[in-house]
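Before any comments, here is the structure.
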Amino acid sequence: MIGRFRFDDEVFCGTVKGERVVVERGLYCDTYTLDELEILPPVNPSKIVCVGLNYIEHARELDMELPGYPMIFLKPPSAVIGHGGDIIYPPGSRHVDFEAELAVVIRKRCRNVSAMRAGDVILGYSCFNDVTARDIQQEDGQWTRAKGFDTFAPFGPFVVKAGSVDISNAYIRSRVNGQLRQDSSINNMIFDIPALVEFISYIMTLEKGDVIATGTPAGVGQLYPGDTVEIEIEGVGTLENKVVKA
Ligand code: MG
């Protein structure tokens, strides 16, 4: 697992091994413990491409028709926060939801990548929370404002390299204040990861560090100031964030 960290004023990447973080510096290695480091978002994406309605049961709970192709939208990179960062509840909304999602991190600049070649451009996986102001989403009819608030893209804690984990049947769960809210499997996706990479990369160039958020399963629900929300994906990790008043 690879993470990005801050210690004093220094920002660096390191390999996470249990509670230890190993940082290579030329010929030498430094070792830290996780609790002495600030965990930053694992990459700085130039864009976050989100997939709406990629699990059948979630489309049903929102009473929306199943799309015949991936429904995509963008979240701005300014919305990204890392593990442990605060989700700020915007004063303009009365209904903010969590959405547990698998994040796919892109390894290199690419376009027109066929599904068969998708593995070549994937660095790895992380946990993502597609925080959504549901009332604003319904009011606007398009999703930029509802999904684009600062802090509405919690992401992390680390990136698990694609070759080191098989996520095809991994569970994906969310908990609010320790209570299980979503519990599904990555294999319930309507459009799988290779199909998404193909569909998106035929539209736009993907840059190194870009993130594809692959949609949420059923069971989304509201967050309130004071809540702690966790997104857990088997073999990938647990992303935890607190909700605070603006
Ligand atoms: Mg979503």
Side-chain angles (χ1 to χ4, degrees), residues 1-3 16-19 34 39 41-43 48-62 64 66-67 70-71 75 81-85 87 96-106 115 118-119 122-132 152-197 211-223 227-243:
M1 275 195 263
I2 312 292
V16 183
K17 297 177 175 171
E19 290 300 301
L34 262 181
I39 300 173
V43 293
I48 303 156
V49 187
C50 298
V51 183
L53 308 175
N54 201 25
Y55 289 78
I56 294 171
E57 294 302 321
H58 174 61
R60 281 199 190 125
E61 78 183 342
L62 291 187
M64 290 175 118
L66 281 182
M71 282 288 305
K75 261 177 131 93
I81 57 172
H83 175 76
I87 298 167
V96 172
D97 277 356
F98 57 85
E99 294 189 356
E101 307 202 3
L102 173 77
V104 175
V105 181
I106 297 298
I122 295 173
L123 174 67
Y125 309 104
S126 193
C127 305
F128 190 89
N129 189 348
D130 176 18
V131 181
T132 303
F152 269 28
F155 167 48
F158 313 119
V159 172
V160 178
K161 285 210 171 168
S164 67
V165 63
D166 176 15
I167 49 134
S168 53
N169 284 304
Y171 63 70
I172 175 166
R173 293 176 180 156
S174 61
R175 284 181 292 272
V176 178
N177 304 325
Q179 212 176 46
L180 187 67
R181 304 295 288 275
Q182 290 174 286
D183 187 6
S184 187
S185 167
I186 297 301
N187 72 13
N188 288 329
M189 282 184 192
I190 299 171
F191 302 102
D192 65 11
I193 294 164
L196 294 175
V197 169
V211 169
I212 301 174
T214 53
T216 198
V220 301
Q222 274 184 264
L223 293 170
D227 284 347
T228 297
V229 56
E230 289 166 79
I231 311 297
E232 183 185 3
I233 300 172
E234 187 178 4
V236 177
T238 303
L239 167 70
E240 186 180 308
N241 299 90
K242 219 179 146 155
V243 183

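Quick note: numbers below take in every heavy atom, side chains included, and nothing from hydrogens, waters or symmetry partners.
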| task | For side-chain contact (heavy atoms from CB on, under 4.5 Å), just list the numbers for Leu66 and Ile56, CA-CA rounded to whole Å, side-chain angles, deciding distance to a tenth of an Å, and then say yes or no. | result | CA-CA 7 Å; Leu66 281 182; Ile56 294 171; 4.2 Å; yes

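- A side-chain donor-acceptor contact under 3.5 Å links His83 to the backbone of Glu240.
- Using a 4.5 Å heavy-atom threshold, the side chains of Phe155 and Val43 count as touching.
- Note: Cys127 SG to Ile172 CD1 = 7.5 Å, rounded to the nearest 0.5 Å.
- Here the closest heavy-atom approach between residue Ser126 and residue Pro42 is recorded as OG-CG, 4.2 Å.
- The two residues Asn241 and Ile87 make their nearest non-hydrogen contact at CB-CD1, 3.8 Å.
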| said: Would Val51 and Met189 count as a side-chain contact (heavy atoms from CB on, under 4.5 Å) here? Give the steps. | reply: CA-CA 11 Å; Val51 183; Met189 282 184 192; over 6 Å; no

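- When every heavy atom of Val105 is checked against every heavy atom of Val211, the shortest pair comes out as CG2-CG2, 4.4 Å.
- Once rounded to the nearest 0.5 Å, the distance linking CG of Leu223 with CG of Asp97 reads 7.0 Å.
- With rounding to the nearest 0.5 angstrom, the CG atom of Asp192 is 10.0 Å from the OG atom of Ser168.
- In this structure, Ile167 and Glu234 approach most closely via the heavy-atom pair CG2-O, 4.4 Å.
- Proximity of Val243 to Val96: side-chain heavy atoms (C-beta onward) are nowhere separated by under 4.5 Å.
- Considering CG of Leu180 and CD of Glu230, their distance stands at 10.0 Å, rounded to 0.5 Å.
- A distance of 9.5 Å separates CD1 of Ile122 from CG of Leu196, quoted to the nearest 0.5 Å.
- In this structure the side chain of Ile81 reaches within 4.5 angstrom of the side chain of Pro154, judged on heavy atoms.
- Pairs engaging residues 176-187 under the salt bridge (charged side-chain N to carboxylate O under 4.0 Å, His left out) rule: Arg173-Asp183 [sequence neighbours left out].
- Between Gly3 and Phe158 the shortest heavy-atom distance is CA-CD2, 3.8 Å.
- Between Tyr125 and Val104, the closest side-chain pair of non-hydrogen atoms falls below 4.5 Å.
- Between the side chain of Ser174 and the backbone N or O of Ala100, no donor-acceptor pair lies under 3.5 Å.
- Side-chain contact between Asn54 and Glu101 is absent, with no heavy atoms from C-beta onward closer than 4.5 Å.
- The salt bridge (charged side-chain N to carboxylate O under 4.0 Å, His left out) search around Glu57 returns Arg60, not counting sequence neighbours.
- Side chain of Thr228 to backbone of Asn177: no donor-acceptor contact under 3.5 angstrom is found.
- At distances below 3.5 Å, at least one donor-acceptor pair connects side-chain atoms of Gln182 with backbone N or O atoms of Pro217.
- Under the rule for a salt bridge (charged side-chain N to carboxylate O under 4.0 Å, His left out), Asp227 has no partner lying at least two apart in sequence or in another chain.
- Side-chain N or O atoms of Lys75 include none that pairs as donor or acceptor with a backbone N or O of Cys50 at under 3.5 Å.
- One finds the NZ atom of Lys161 at 5.0 Å from the CD1 atom of Ile2 (value rounded to the nearest 0.5 Å).
- In this structure the side chain of His58 reaches within 4.5 angstrom of the side chain of Glu99, judged on heavy atoms.
- Counting heavy atoms from C-beta outward, Ile233 and Val160 have side chains that stay 4.5 Å or more apart.
- At a threshold of 4.5 Å between non-hydrogen side-chain atoms, the residues Tyr55 and Ile186 count as touching.
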